[in-house]
Amino acid sequence: MPLPVVPDLSIVVPLYNEEESIGPLVDAVRDALGAAVSWELVLVDDGSGDATVQRAQSLAAADGRIVLVELARNYGQTQAMQAGFDAACGRLVVSMDGDLQNDPRDIPLLIAKLDEGYDLVAGYRMRRQDKMITRKIPSWVANRIIIWLTGVRIRDNGCSLKAYRRELLDQLHLYSDMHRFLPALAAATANARIAEVPVRHHARRFGTSKYGLSRIAKLLADLLTIKMIASFRESPLAMFGFGALASVVIAMAFAAAWLWPFAQRTGPLDSAHVNAYVLPGSALLCVALAAFLTMLGLIAEEALQKARFEERDDRIAARAVTG
Ligand code: UDP
Ligand code: MG
């Protein structure tokens, strides 16, 4: 029996209701890559309600290089990409959108750059063909915030056309909407070497965009998570401990403000001070908050420790398998 051929390059494409784009997309990938490299195209159907799956199935049946991953429901672009990364066999992996807005003719440029020794090559869209108010301006602001928060200077985080080394993807786990700042995540968690190349961008020809302005709230929440991962990944207790310390200082200030009139007292006790509950109550609340934050920090440390042990076990198991 012939051994299955493992491709050098996997192209991962998430698809949600892209029935009209999928045929031209597969043709465009074939034209761009030809037979010069061994490749596979991993199509991930993210619970489409149209004919995307049926069309993808017949395309996969006709060409052995096309792999179809079917998700049970609509999980979102990030989760679809992660499912595609998990299924991909290539030493190098490229992600791109399935709506023909990215151009497969740019893939060889990304790969050439990756071969210069980078772990991740991010495309940035020249002359981006999207709406100004709902797309380009929010995206511009988001890119500035990402640079400011993470220190990773990537021009166009939202461009899906990116290339990665397998080893890098193995260290990442994408959830929520995190594909949008994959470079920052890669830099923070895996110390990835990152480069950028300009890529083409086309207006959507078929179907509609799956996003509106509502993505902004999710993006901000994810950014906070990234910032936390980047700053306190090694020691969450340090972050929570800092909060606990600040609470203790505030508690002491409340206690001092409460006790001060007693220390100053020369005559009989002022009933207004004796009956005042606000200051001692606030001090107690701050002490409770400090205790709570310390406990959270300890739990986070414990979870991190567990994750490290699991990582170590995985490494040992992988070594055992490879001999
Ligand atoms: N997509 C997906 N699941 C979703 C939303 C989008 O797989 O829940 C896919 C979509 O089919 C497309 C890519 O993600 O291939 C980018 O989506 P879209 O073009 O709507 O985003 P935009 O280009 O408008 O930012
Ligand atoms: Mg699009």
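Residue numbers start at 1 and run along the sequence shown. Counting starts at 1 for both ligands and their atoms, following the listed order.
Put simply, the side chain of T52 gets close to the backbone of E19: a donor and an acceptor are under 3.5 Å apart. Looking only at distances, a side-chain donor or acceptor of D46 sits under 3.5 Å from a matching main-chain atom of G76. Panel note: side chain E40, backbone C89; a donor-acceptor pair is recorded below 3.5 Å. Using modelled atom types, no side-chain atom of S235 and backbone atom of F232 make a donor-acceptor pair closer than 3.5 Å. Remark: the backbone N or O of P7 is not paired with any side-chain donor or acceptor of S38 at under 3.5 angstrom. In this structure, N157 contributes its side chain and L182 its backbone to no donor-acceptor pair below 3.5 Å.
D99 contributes OD2 as its N, O or S atom closest to the Mg ion (ligand 2).
The structure places CG of D97 at 9.5 Å from NZ of K210, a figure rounded to the nearest 0.5 Å. In this structure, Q129 CD and R204 CZ are separated by 14.0 Å, a value rounded to the nearest 0.5 Å.
Atom 11 (O) of ligand 1 has E18 OE2, 2.6 Å as its closest protein atom, hydrogens excluded (heavy atom only). Annotation: atom 19 (O) of ligand 1 to nearest protein heavy atom, D99 OD2, 2.6 Å. Looking from atom 9 (C) of ligand 1 to the surrounding protein, the closest heavy atom is P14 O, 3.7 Å. Scanning the protein heavy atoms around atom 13 (C) of ligand 1, the nearest turns out to be D97 OD1, 3.4 Å. Counting protein heavy atoms only, atom 1 (N) of ligand 1 is closest to Y16 CB, 3.8 Å. The closest protein non-hydrogen atom to atom 25 (O) of ligand 1 is R215 NH2, 3.5 Å. In terms of protein heavy atoms, atom 23 (O) of ligand 1 is closest to Q101 OE1, 3.1 Å. For atom 24 (O) of ligand 1, the nearest protein heavy atom (residue, atom name, distance) is S209 OG, 2.6 Å.
Contact annotation for L15 and ligand 1: only backbone heavy atoms (N, CA, C, O) come within less than 4.0 Å of the ligand. Residue contacts with ligand 1, taken as heavy atom pairs separated by less than 4.0 Å, involve N74 solely via side-chain atoms from C-beta onward. The backbone and the side chain of K210 each have at least one atom closer than 4.0 Å to an atom of ligand 1 (non-hydrogen atoms only).
Here is the list of ligand 1 atoms found below 4.0 Å of a heavy atom in R204: 18 (P), 19 (O), 20 (O).
Between D46 and ligand 1, a contact under 3.5 Å exists for at least one N or O pair. Of the polar atoms of T208, none of the N or O atoms is found under 3.5 Å from an N or O of ligand 1, judged by distance alone. For ligand 1, the polar-atom distance check finds no N/O of A80 at less than 3.5 Å from any of the ligand's N/O atoms.
At a cut-off of 2.8 Å, S160 does not coordinate the Mg ion (ligand 2) through any N, O or S atom.
F85 and Y164 have their aromatic ring centers within a separation under 6.0 angstrom.
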Give the C-alpha distance, both sets of side-chain angles, the deciding distance and a yes or no for side chain to side chain donor-acceptor pair (under 3.5 Å) between N102 and H201. CA-CA 5 Å; N102 298 134; H201 193 243; 4.9 Å; no
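Note on ligand 1: R135 sits in its first shell, one or more heavy atoms being nearer than 4.0 Å.
With hydrogens and angles left out, the side-chain atoms of Q77 and D177 include no donor and acceptor closer than 3.5 Å.
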